[in-house]
Amino acid sequence: MCKAKLQVAGILAMLLYHMFFIIVILPSSISRSRTRLSLWIDERQIASFFGYPLEVFIISDGSVAPYLLDPNVEESIPVIPPEVETVNLTWEAGPDIFTYWFDDLQSMDESLLYRPLLSIPSSGVIPGGPKIFQMSIPCTGRDTGIAGLELGLQIFNKNGRPIRGSPMKLKLKKQCNAIVASDLCNFDCLNGGRCGQYGFCECAQGFLGPRCEKSMCDPACENNGTCMSPEVCICPDGFSGKRCERALCKSPCQHGGRCIQEDVCWCTSGYLGNACQYSKCKPNCQNGGTCIGVNKCRCPVGYQGNLCQQRRSRRRKGIKTGYGGKKKKKKKNKRKKKKKNKKKKNKKNKNLSDKKTKNPKNKKARTRLKLKRKKTLLAEITRFARRKRRRQERQRKRAQLKKENAKRKRKPFVR
């Protein structure tokens, strides 16, 4: 009987939880999300990975999926098989304007997995309709094991503010197998290709043919661009075009800045200008320091000051002369003794004054005490009244702000 009652109670609790989710949480999430911004992995891609079709959403309705914000996501994500070398991602922004920036693309085990590469620029504008882009994750073939990779993404709205959950980091795992070098190939593999275990050349990225003699991109990609597929070059930051031949920023970005759009540099803290050529520190930082704010420098070891103009003096412990330790200890002990004596004197004076005030013998002293008490009461009452007025004024201002925000939100959505 007890077990049956417990089962019934558990079922009722689950029903109440689902009702709360449908009535409270779902409507609030639908009302908040007013954008079509989304990023997901196709059903076909997931089916090729793990054998069953499923759409995995990374961003849905303008906010990052909550399970990605969990710090223990890596343990639950399944491992990508070694046959898969590219991951297809789809995204769309709808009628709104959103910009993106892939700030971090790295392999956690470079001996197993190369650095991931994207088929789109590292920064730009998200397309309105659904569009597919690829992320290549090739293994090195040196060792066997499970390699981790990290994809850092930041998304901003038209006002330049990050969306909810941005910046985000997508962490994946891939199984990599070692390629056993064999003598089955009767010819040499060119352009960084390797002889596989079946007697055929396995070409490096950007090359094809039986001996890897043909380049997929002819002419080759310029400015350290990488050939991803036939006649498709992936350009590094600051370059664009079919062959990465065109520089986005005519004047190169200085002081560690990044070229993110045409003639627009993303400057580090402490620098400004179209090419990050102007420093916020005037005069400039000295002795190899770097500017991090308005007249604030990060100094190297051995220097100090706002502009790193002063050299730190090295102090030695235990020497009597100069900055000796024994003289300092004596001075500290003297100060402590003086403080203790002062505290004792103050306590004695307070005790004497309290005795006089509590039991005064003269009538004049009693009247003075009464007047003092009345004055303190009046002062406390006035203070309390002032605080109350200030609280009421703050509450009125908050109510006005809420009304104004509600009016602004009621305005119709205009495309």
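Being a predicted model, the structure only gives us computed values, none of them experimental.
Checked against the 6.0 Å centroid criterion, the rings of Phe98 and Tyr100 do not qualify as a close aromatic pair.
For the pair Gln175 and Pro81, the minimum side-chain heavy-atom distance is 4.5 Å or more. Contact check for Leu39 versus Leu89: side-chain heavy atoms found under the 4.5 Å cut-off. No side-chain heavy atom of Val232 sits less than 4.5 Å from a side-chain heavy atom of Gln134. Proximity of Pro127 to Trp91: side-chain heavy atoms (C-beta onward) are separated by under 4.5 Å at one or more points. Two residues are said to be in side-chain contact when any heavy atoms from C-beta on lie closer than 4.5 Å; Pro162 and Gln154 fail this criterion. At a threshold of 4.5 Å between non-hydrogen side-chain atoms, the residues Glu92 and Ser38 count as touching. Tyr114 places none of its side-chain heavy atoms less than 4.5 Å from the side chain of Ser107. Within the 4.5 Å cutoff, the side chain of Arg36 has no heavy atoms near those of the Asp96 side chain.
One distance of note links CD1 of Ile97 with OG1 of Thr99; it measures 9.5 Å at 0.5 Å rounding. A distance of 5.0 Å separates CD1 of Ile163 from CG of Leu37, quoted to the nearest 0.5 Å. Between the NZ atom in Lys403 and the CG atom in Leu401 there is a gap of 11.5 Å [rounded to 0.5 Å]. Note: Arg394 CZ to Lys397 NZ = 9.0 Å, rounded to the nearest 0.5 Å. With rounding to the nearest 0.5 Å, the separation of OH in Tyr271 from SG in Cys291 is 5.5 Å. A distance of 9.0 Å separates CD of Glu393 from CZ of Arg390, quoted to the nearest 0.5 Å.
When all heavy atoms of Gln106 and Arg115 are compared, the closest pair comes out as CA-CG, 4.4 Å. Of all the heavy atoms in Asp109 and Ala147, the pair that sits closest is OD2-CA, 3.5 Å. Tyr303 and Cys299 get closest at one heavy-atom pair: O-CB, 3.5 Å. Listed here is the closest heavy atom pair of Ile41 and Asn88: CG2-O, 3.8 Å. A pairwise comparison of heavy atoms in Pro300 and Asn287 identifies CG-O, 3.1 Å as the closest pair. Minimum heavy-atom separation, Lys242 to Glu245: N-OE1, 3.7 Å.
Cys235 has its SG atom within less than 2.5 Å of the SG atom of Cys244. Of the two cysteines examined, Cys212 and Cys201, the SG atoms fail the criterion of being under 2.5 Å apart. The SG atoms of Cys227 and Cys217 lie less than 2.5 Å from each other. As summarised for Cys308 and Cys285, their two SG atoms remain at a distance no smaller than 2.5 angstrom, missing the threshold.
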Let's go through Ser136 and Leu117 carefully: what are the C-alpha distance in whole Å and the side-chain angles of both, what is the deciding distance for side chain to side chain contact (heavy atoms under 4.5 Å, CB included) to 0.1 Å, and is it a yes or a no?
CA-CA 5 Å; Ser136 70; Leu117 295 169; 3.4 Å; yes

Quick one, Met135 with Leu172, criterion side chain to side chain contact (heavy atoms under 4.5 Å, CB included). Give me CA distance, side-chain angles, the key distance, then yes/no.
CA-CA 12 Å; Met135 181 177 67; Leu172 300 171; 4.1 Å; yes

Determine whether Cys203 and Cys189 satisfy the following criterion, disulfide bond (SG atoms under 2.5 Å apart), listing intermediate values before the conclusion.
CA-CA 8 Å; Cys203 301; Cys189 300; over 6 Å; no

Pair Cys265-Cys253, disulfide bond (SG atoms under 2.5 Å apart): steps then yes or no:
CA-CA 6 Å; Cys265 289; Cys253 301; 2.0 Å; yes

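The backbone N or O of Ile137 lies less than 3.5 Å from a partner atom in the side chain of Lys174, making a donor-acceptor pair. Distance alone, capped at 3.5 Å, places no donor-acceptor pair between the Thr90 side chain and the Lys131 backbone. Without hydrogens or angle criteria, Ser166 side chain to Met168 main chain gives no donor-acceptor distance under 3.5 Å. Side-chain atoms of Thr140 come within 3.5 Å of backbone N or O of Ser111 as a donor-acceptor pair. Although no hydrogens or angles enter the test, the distance criterion places a donor-acceptor pair under 3.5 Å between the side chain of Asn157 and the main chain of Asn159.
Counting heavy atoms of neighbouring residues, nucleotides and ligands inside a 6.0 Å radius, atom CD of Glu110 does not exceed 12 of them.
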